2 protein chains.
Amino acid sequence: MKEDGIGLDVTLEVVCGKWKGLILWKLIHENHLRFNALRRSLDGNISSRILARELKKLIQDGLVERIDYETVPPRVEYRVTPYGRTTASFLEKMNEWGIHHKRRADQQESLTDVSNQLKEQ
Amino acid sequence: MKEDGIGLDVTLEVVCGKWKGLILWKLIHENHLRFNALRRSLDGNISSRILARELKKLIQDGLVERIDYETVPPRVEYRVTPYGRTTASFLEKMNEWGIHHKRRADQQESLTDVSNQLKEQ
DNA sequence: CGGCATCCCGTCCGATACTG
DNA sequence: CAGTATCGGACGGGATGCCG
């Protein structure tokens with residue numbers, strides 16, 4: 001019996017990819033955003049196609065809720081569900097770790113630059 | 001100024017994919033494993049090609065260390081670095097969340113089965 | 001405004017076979 | 001034992017354009 005990676009695999013599935021984690025994070029902190037507002041808030045460089053697709057996955061997993069106001073012009077809001085909000089437990093930690101890692105990566109960058117220069121000789 | 005997803009993106013890069021998180025998790029808990037031992041411990045269905053590739057990435061990021069004993073037959077061990085061990089902060093949380101989510105997903109499965117049956121009519 | 005359709009590319013992942 | 005070589009499919013991600 002392995003009490004190990006029992007749960008890790010499914011979490012990786014849910015949050016994996018470049019965007020789903022960031023989308024969740026945004027919705028957790030902003031609470032209900034319209035489609036394009038969400039889009040602009042994500043570094044600005046996610047295409048609407050990708051955003052729509054990733055949102056669908058999050059909705060399927062029950063983490064995000066779609067509210068269509070059925071107006072013209074259309075107005076649709078996305079909100080994190082109470083259940084989706086529970087992902088904050090690890091997203092928070094991931095964010096903290098990433099901040100530290102970014103500093104470290106910057107330091108290593110100058111190191112690899114040096115080793116690349118050595119290789120080129 | 002956004003103090004938001006500043007770090008989350010890089011964490012997603014490091015841990016993303018189907019395997020890297022699981023490999024890290026294993027190495028954190030087992031401390032130094034040989035290539036094939038690690039392979040067998042990962043649900044058994046990762047190919048050696050994929051494992052070798054993912055390990056290289058983890059090594060590049062400074063999270064895992066490769067120790068080659070230079071013997072014949074070859075003996076190579078992989079060990080998580082002290083820095084790599086810091087990822088446990090969020091891997092732990094991800095694992096916990098995944099365990100809960102798995103239960104929830106099982107419940108929803110029966111629900112979607114029902115809705116699929118309805119659609120087919 | 002909130003998407004979907006199309007096309008395209010790079011990466012992820014896998015199976016199989018082979019080598020030092 | 002610890003990988004690499006080769007091939008191939010699936011998926012992620014992006015650009016562009018169109019629609020109700």
Side-chain angles (χ1 to χ4, degrees), chain A residues 5 8-27 30 32-61 63-80, chain B residues 5 8-27 30 32-61 63-80:
Chain A
L8 188 52
D9 53 344
V10 306
T11 310
L12 284 170
E13 271 178 39
V14 169
V15 88
C16 199
K18 186 173 174 181
W19 293 113
K20 281 196 292 186
L22 294 172
I23 294 168
L24 263 176
W25 181 263
K26 257 291 177 265
L27 289 177
E30 301 278 349
H32 84 282
L33 276 174
R34 298 182 62 167
F35 186 85
N36 279 314
L38 175 58
R39 195 158 95 83
R40 281 187 295 270
S41 76
L42 290 168
D43 270 9
N45 40 11
I46 183 176
S47 72
S48 62
R49 193 178 86 90
I50 303 298
L51 179 55
R53 189 184 58 190
E54 301 304 308
L55 280 171
K56 272 185 190 169
K57 296 179 195 164
L58 291 171
I59 290 167
Q60 276 195 335
D61 281 331
L63 304 176
V64 167
E65 191 179 6
R66 189 192 128 114
I67 301 121
D68 191 337
Y69 289 89
E70 314 254 4
T71 60
V72 179
R75 171 195 173 99
V76 179
E77 287 187 357
Y78 291 90
R79 190 189 304 172
V80 63
Chain B
L8 188 52
D9 53 344
V10 305
T11 310
L12 285 170
E13 272 178 37
V14 169
V15 88
C16 201
K18 185 174 174 181
W19 294 112
K20 282 196 291 185
L22 295 171
I23 294 169
L24 263 176
W25 181 263
K26 258 290 177 266
L27 288 177
E30 301 278 349
H32 83 283
L33 276 175
R34 296 181 63 165
F35 186 85
N36 278 316
L38 175 58
R39 195 159 97 82
R40 282 187 296 269
S41 76
L42 290 169
D43 269 11
N45 40 12
I46 183 175
S47 71
S48 60
R49 192 176 91 89
I50 302 300
L51 179 56
R53 189 185 58 190
E54 301 304 310
L55 280 171
K56 273 185 189 168
K57 295 179 198 164
L58 291 171
I59 290 167
Q60 275 195 336
D61 282 331
L63 304 176
V64 168
E65 191 179 5
R66 189 193 127 113
I67 300 121
D68 191 337
Y69 290 88
E70 314 254 3
T71 61
V72 179
R75 171 196 173 97
V76 178
E77 287 187 358
Y78 291 89
R79 190 188 304 171
V80 64

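Proteins come first, then strands; the chains are lettered A, B, ... in the order of their sequence lines, and each starts at number 1. Because the structure is predicted, anything quoted here is derived from the model rather than measured.
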hbond_proxy Arg75(A) side chain to dG2(C) base (donor-acceptor, 3.5 Å cutoff) | no
Side-chain (Arg39(B)) to main-chain (Ile46(B)) donor-acceptor, under 3.5 angstrom = yes
Once you round it to whole Å, what is the distance between P of dG2(C) and CG of Leu55(A)?
-> 11 Å
Using atom CZ of Phe35(B) as one end and atom P of dC1(D) as the other, report the distance to the nearest whole Å.
-> 11 Å
Between dG3(D) and Arg66(B), is there an OP1 or OP2 to side-chain N/O distance shorter than 4.0 Å?
-> yes
Roughly, in whole Å, what's the span from CD1 in Ile46(A) to P in dC4(C)?
-> 13 Å
Salt-bridge present (Arg75(B), Glu77(B); N to O < 4.0 Å) | yes
Base, sugar-phosphate, or nothing: which does Glu77(B) touch, judged by heavy atoms less than 4.0 Å apart?
-> nothing
Under the side chain to side chain contact (heavy atoms under 4.5 Å, CB included) rule, what do Leu42(A) and Lys26(A) come out as? Steps first, then yes or no, please.
-> CA-CA 8 Å; Leu42(A) 290 168; Lys26(A) 257 291 177 265; 3.8 Å; yes
Which residue lies more 5' along DNA chain D, comparing Arg34(B) with Lys18(A) via nearest heavy atoms = Arg34(B)
Let me know which of Leu55(A), Leu58(A), Val15(A) forms a side-chain contact (heavy atoms from CB on, under 4.5 Å) with Lys20(A).
-> Leu58(A)
Pro73(A) or Lys56(A): which one's nearest nucleotide on DNA chain C is closer to the 5' end?
-> Pro73(A)
Does the base of dG13(D) carry an N or O that pairs as donor and acceptor with the side chain of Arg49(A) under 3.5 Å?
-> yes
Rounded to the nearest 0.5 Å, what's the gap from NZ on Lys57(B) to CD on Glu13(B)? Could you check?
-> 11.5 Å
Side chain of Ala52(A) - closest among dG3(C), dG14(C), dG20(D) | dG3(C)
Separation of atom CD in Glu70(B) from atom P in dC1(D), rounded to whole Å = 19 Å
Whole angstrom is fine here: how far is it from CG in Leu38(A) over to P in dC1(C)?
-> 14 Å
Within this structure, what is the CZ-to-P distance between Arg40(B) and dC1(D), rounded to whole angstrom?
-> 6 Å
Under-4.0 Å side-chain N/O to phosphate OP1/OP2 contact, Trp19(B) with dT11(C) = no
N or O in side chain of Lys20(A) less than 4.0 angstrom from dG13(D) OP1/OP2 | no
Atom CD of Glu13(A) and atom C1' of dC13(C) are separated, to the nearest Å, by 13 Å
Please determine if a side-chain N or O atom of Arg39(B) lies less than 4.0 Å away from the OP1 or OP2 oxygen of dG14(C).
-> no
Looking only at N and O atoms, is any donor in the side chain of Ser48(A) or the base of dC4(C) less than 3.5 Å from an acceptor on the other one?
-> yes
In whole angstroms, the gap separating P of dT6(D) from CD1 of Ile50(B) amounts to 16 Å
How is Tyr78(B) classified with respect to the nucleic acid when contacts are heavy atoms under 4.0 Å: base, sugar-phosphate, or nothing?
-> sugar-phosphate
Separation of Asp9(A) CG from Thr11(A) OG1 (nearest 0.5 Å) = 7.5 Å
Ranking Asn36(A) and Glu54(B) by the position along DNA chain C of their nearest nucleotide, the one closer to 5' is Asn36(A)
Lys57(B) side chain N/O closer than 4.0 Å to the phosphate oxygens (OP1, OP2) of dC12(C)?
-> yes
